[in-house]
Amino acid sequence: MSDAPNPDPADTPPETEAPDRRSFLNVALAGCAGALGLSALYPLSRYVIPPEVVEAATNSVTLQIAAAEVPPNSGRIFRFGSDPGILIRTPDGEIRAFSALCTHLDCTVQYREDLAHIWCACHNGHYDLNGQNIAGPPPRPLARFTVNIQDDQIVISKEA
Ligand code: FES
């Protein structure tokens, strides 16, 4: 004698309806899983591959500080478009400006009053007052900008 329950034929669905319902549920579940996967992947892909930012080329900026506010043997960082620039006043009183992106690995350089020249803290790179690389790993001079002073306002522009 067997202990297995005897299936009641009324409880089992007819053979002809089961595949249709099952296949519909499979398609619906696959669609939901696909939509869920896409909704998770889309923001992830936008994060990994950010959209291209179109930026207008900056050729000139007017600084918010007056020339008289920059003492000899000092430097200040300013924004030149999306990049930093450095304005220096030499110990002799001449105002000069350069790109502040170190030519080694793009760290932002700074003016060292104690050394009286431009210095990069990342790997101890040194530039003289003409932006020439003089010590450390920087391979090239800093890009130099043109400085115009009009009514004590400092206008920095790219050299032509
Ligand atoms: Fe300036 Fe390396 S990034 S010295």
Side-chain angles (χ1 to χ4, degrees), residues 21-160:
R21 245 190 256 161
R22 190 169 297 139
S23 64
F24 170 76
L25 285 176
N26 284 342
V27 168
L29 279 175
C32 288
L36 185 67
L38 285 177
S39 68
L41 285 178
Y42 178 73
L44 190 65
S45 69
R46 297 293 294 187
Y47 177 75
V48 172
I49 307 165
E52 227 175 81
V53 178
V54 180
E55 196 170 293
T58 302
N59 290 322
S60 158
V61 294
T62 301
L63 302 190
Q64 298 303 309
I65 52 167
E69 295 175 46
V70 185
N73 194 31
S74 71
R76 293 182 185 224
I77 297 294
F78 61 91
R79 292 220 65 80
F80 195 91
S82 59
D83 293 330
I86 185 167
L87 177 82
I88 65 168
R89 187 185 282 263
T90 66
D92 298 337
E94 193 178 330
I95 290 184
R96 298 174 184 169
F98 304 93
S99 164
L101 288 177
C102 179
T103 58
H104 180 222
L105 292 176
D106 285 347
C107 283
T108 300
V109 298
Q110 58 189 281
Y111 187 80
R112 286 270 305 263
E113 294 172 10
D114 57 331
L115 300 173
H117 69 233
I118 301 166
W119 176 68
C120 180
C122 286
H123 309 100
N124 198 27
H126 295 258
Y127 299 89
D128 68 12
L129 297 176
N130 293 312
Q132 288 292 324
N133 46 318
I134 52 173
R140 295 180 308 281
L142 296 172
R144 188 168 185 157
F145 296 141
T146 300
V147 178
N148 286 306
I149 300 174
Q150 302 159 349
D151 299 330
D152 210 33
Q153 281 222 306
I154 304 170
V155 179
I156 310 283
S157 52
K158 281 188 176 167
E159 288 198 333

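Ligands are counted one by one from 1 in listed order, and the atoms in each one are counted from 1 as well.
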Item to check | Stepwise side chain to side chain contact (heavy atoms under 4.5 Å, CB included) test for Val155 and Ser60 | outcome: CA-CA 7 Å; Val155 179; Ser60 158; 3.7 Å; yes

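- Near Cys122, meaning under 4.0 Å from any of its heavy atoms, are these atoms of ligand 1: 3 (S).
- At a threshold of 4.5 Å between non-hydrogen side-chain atoms, the residues Phe98 and Ile88 count as touching.
- Of all N, O or S atoms in His123, the one lying closest to atom 2 (Fe) of ligand 1 is ND1.
- Between Phe145 and Leu87, the closest side-chain pair of non-hydrogen atoms is not below 4.5 Å.
- Note that CG of Leu29 is 6.5 Å distant from SG of Cys32, once rounded to the nearest 0.5 Å.
- Per-residue contacts place Pro137 under 4.0 angstrom from the following atoms of ligand 1 (heavy atoms of the residue considered): 4 (S).
- Residue Cys120 does not count as close to atom 2 (Fe) of ligand 1, with no N, O or S atom under 2.8 Å.
- Atom 2 (Fe) of ligand 1 has an N, O or S atom of His104 closer than 2.8 Å.
- The aromatic rings of His104 and His123 stand perpendicular to each other, their planes meeting at an angle above 60°, with 30° marking the opposite boundary.
- Listed by number with element, the atoms of ligand 1 under 4.0 Å from a non-hydrogen atom of Leu105 are 3 (S).
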